[in-house]
Amino acid sequence: MSGGGCSIVWFRRDLRVEDNPALAAGVRAGAVIAVFIWAPEEEGHYYPGRVSRWWLKQSLAHLDSSLKSLGTSLITKRSTDSISSLLEVVKSTGATQLFFNHLYDPISLVRDHRAKEVLTAQGISVCSFNADLLYEPWEVNDEEGRPFTTFSAFWERCLRMPYDPEAPLLPPKRIISGDASRCVTDNLVFEDESEKGSNALLSRAWSPGWSNADKALATFVNGPLLEYSQNRRKADSATTSFLSPHLHFGEVSVRKVFHFVRIKQVLWANEGNKAGEESVNLFLKSIGLREYSRYMSFNHPYSHERPLLGHLRYFPWVVDEGYFKAWRQGRTGYPLVDAGMRELWATGWLHDRIRVVVSSFFVKVLQLPWRWGMKYFWDTLLDADLESDALGWQYISGTLPDGREFDRIDNPQFVGYKCDPHGEYVRRWLPELARLPTEWIHHPWNAPESVLEAAGIELGSNYPLPIVEIDAAKVRLEQALSQMWQHEAAARAAIENGMEEGHGDSADSPIEFPQAMQMEMDHEPVRNNNPVMVTVRRYEDQMVPSMTSSLFRAEDEENSSVDIRNSVVDNRAEVPTDVNVAEDPRRNMVDQAAVQTARTNATPHFNFAVGRRNSEDSTAESSSSTRERDGGVVPVWSPSSTNYSDQYVGDDNGMGTSSSYLQRHPQSHQLMNWQRLSQTG
DNA sequence: GTAGAGTTCTG
DNA sequence: AGAACTCTA
């Protein structure tokens with residue numbers, strides 16, 4: 001309306017027309033150009049996996065048709081640099097404003113900040129919004145104005161915030177389309193020929209797109225939610241929300257989910273329905289975890305690559321690609337683990353409980369580096385989500401103050417009888433064990449020969465023996481920990497002698513991904529010169545030998561969508577991803593301006609650590625800038641504004657230099673264990 | 001009312 | 001694994 005210049009609404013992971021503040025702002029301002037830019041190279045290692053790309057493709061098509069019915073359409077751009085593409089769109093449309101919604105992964109924080117700077121410098125007015133969280137990360141602080149470092153404290157605070165999360169916005173009634181006639185739309189390619197077959201299966205189980213997300217929400221709230229607290233721990237029940245991929249792509253807003261569910265809760269509370277009330281609390285907690293993952297990512301933008309607590313810095317991870325492969329293929333010899341891994345491969349989906357089982361097995365029993373596992377999740381999960389997965393894996397690895405203790409090994413056999421008491425889940429995904437009685441289903445290695453024979457199982461032949469015994473794993477873990485302690489002590493001694501800097505030694509650099517995975521991720525169909533080769537190796541590498549096509553086909557023909565979905569997962573996305581911000585040269589630049597910005601914006605970052613904390617710092621300002629909802633605060637984060645080493649390593653290794661993070665958790669289990677161990681060692 | 005066992009929960 | 005919590009005799 002004003003001036004005539006139209007505005008660009010930049011869609012990213014907010015692929016919805018309802019409760020989309022950026023879109024609403026665009027509509028309010030006049031004519032709108034809706035844009036989506038596909039620039040996966042910006043994600044570094046974390047090029048989206050096959051199933052995730054499939055989802056994105058569907059979701060964009062859905063969004064486009066919604067926009068069309070409202071009066072405009074989605075401009076898509078294939079790019080290697082989002083910001084230049086934005087500039088192009090600006091030039092070709094004469095837009096004068098840009099609206100977008102916030103993201104909190106490390107790459108986006110940097111990119112969006114830059115986008116704002118660059119576009120503003122071009123005279124474009126840029127406004128960004130919160131569309132992904134109940135509260136912005138910088139709104140949620142403890143009494144002293146510092147960010148929380150444990151989930152429960154964080155979540156409690158969220159639930160007791162003095163103001164409610166914004167109420168969801170209605171979809172626009174219609175959109176006036178800006179003139180995009182001179183703006184070229186690229187045809188985006190999300191799958192190659194070889195992927196189409198596998199992808200075809202997905203549409204039987206899932207319906208991407210914002211209005212489907214809405215339906216999924218309604219279905220869940222009116223159905224399984226009531227018994228969520230009862231059923232949530234069953235691996236095989238269809239009682240989870242199935243919202244995680246929808247949430248990942250922003251097809252439904254958490255605020256809507258929150259309000260919807262809260263209304264139900266009030267209703268149940270009035271009826272004295274205790275179970276229902278409790279279910280809502282539990283479900284909201286998993287929403288809270290998603291919320292927290294963004295919070296952590298914002299406050300610790302390296303958390304997808306490096307542990308928050310550094311007490312495992314010298315842990316000698318097992319770098320064994322054979323183990324890794326056995327895990328991926330579901331051939332570890334532990335039925336629950338194997339069933340999970342095969343389900344993951346076949347469907348891109350896992351119940352949250354099972355994610356915990358397989359990742360915990362990965363870290364504690366196989367003792368493989370958690371980033372490998374996280375990366376595999378990234379490649380295979382339908383709801384792959386960098387922040388959530390980083391949080392999940394760190395939790396499992398015991399590198400969060402409130403994570404699991406590192407030296408606790410979950411026994412898949414016992415866990416199996418808890419979350420799959422009748423072995424149905426195992427039998428579904430491990431056909432070779434289908435005839436094994438429940439008594440032995442989670443520990444076939446103990447079954448009498450006659451039972452195995454009757455079930456047609458020959459251990460070591462058509463089903464593997466345990467790849468590592470649990471007892472052996474315990475021993476090995478203890479040894480590894482004492483080894484770690486020795487290194488730790490040596491390093492400490494070296495520092496005390498002034499021999500070296502505390503950081504920067506080899507223990508700091510992450511273990512590289514195995515060759516095979518590097519290949520998988522580096523060779524993306526779209527940008528690869530030789531797609532055929534790539535595709536093939538990729539497929540072979542991830543193929544699950546014992547199920548192969550037969551299972552696929554069976555599932556495919558008969559049991560349609562419901563069945564695949566039965567494998568349930570709850571709404572918590574657990575996928576990891578990792579971007580190479582750490583490699584970003586900017587990280588080393590001293591950029592006072594950025595620091596300044598960051599501070600005044602009160603975006604409490606990681607570590608102005610101890611020193612800063614005492615100085616009056618930005619608390620006061622922060623609360624003021626905090627609530628400018630519209631147009632306001634972009635999550636400003638700039639790698640240069642943080643002192644990397646301080647951030648975590650220093651943090652917690654217990655060496656004198658330590659600063660922020662762990663110091664606030666002297667009581668943490670991790671630390672205590674660690675000290676205890678240190679004496680042993 | 002209490003000791004002790006059993007159960008559940010833990011982000 | 002361990003704490004907290006519940007049930008039982």
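Just so we're clear, the structure is a prediction, and the values are computed from it rather than from any experiment. Per chain, numbering begins at 1; letters A, B, ... match sequence-line order.
In this structure, CG of A:L308 is placed 16 Å from P of B:dG11, rounded to the nearest angstrom. Here the P atom of nucleotide C:dG2 and the CZ atom of A:R408 are 10 Å apart, to the nearest Å. Put simply, CZ on A:F414 is 15 Å from P on B:dT7, counting in whole angstrom units. Rounded to whole Å, atom C1' of C:dA1 lies 15 Å from atom CZ of A:F406. The distance between atom CG of A:D402 and atom P of B:dC9, rounded to the nearest whole Å, is 19 Å. Note: CG (A:D471) to P (C:dA1) measures 10 Å, nearest angstrom. The nearest whole Å value for the distance from the CE atom in A:M296 to the P atom in B:dG11 is 14 Å. A:R404 places its CZ atom 16 Å from the P atom of C:dA3, with the value rounded to the nearest Å.
In this pair, A:W317 and A:F406 present their aromatic rings perpendicular. The plane angle is above 60°, beyond the 30 to 60° band. Note on ring orientation: taking the six-membered ring where Trp is involved, the planes of A:W393 and A:F377 are perpendicular (angle over 60°, cut-offs 30° and 60°).
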Worked check of side chain to side chain donor-acceptor pair (under 3.5 Å) between A:E387 and A:H304: CA-CA 7 Å; A:E387 298 93 308; A:H304 56 301; over 6 Å; no
From CA spacing to verdict: side chain to side chain donor-acceptor pair (under 3.5 Å), A:D338, A:T332: CA-CA 6 Å; A:D338 292 341; A:T332 66; 2.7 Å; yes
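Stacking between A:F151 and B:dG11 is absent: the aromatic ring centre is not both under 5.5 angstrom from the base six-membered ring centre and within 30 degrees in plane angle.
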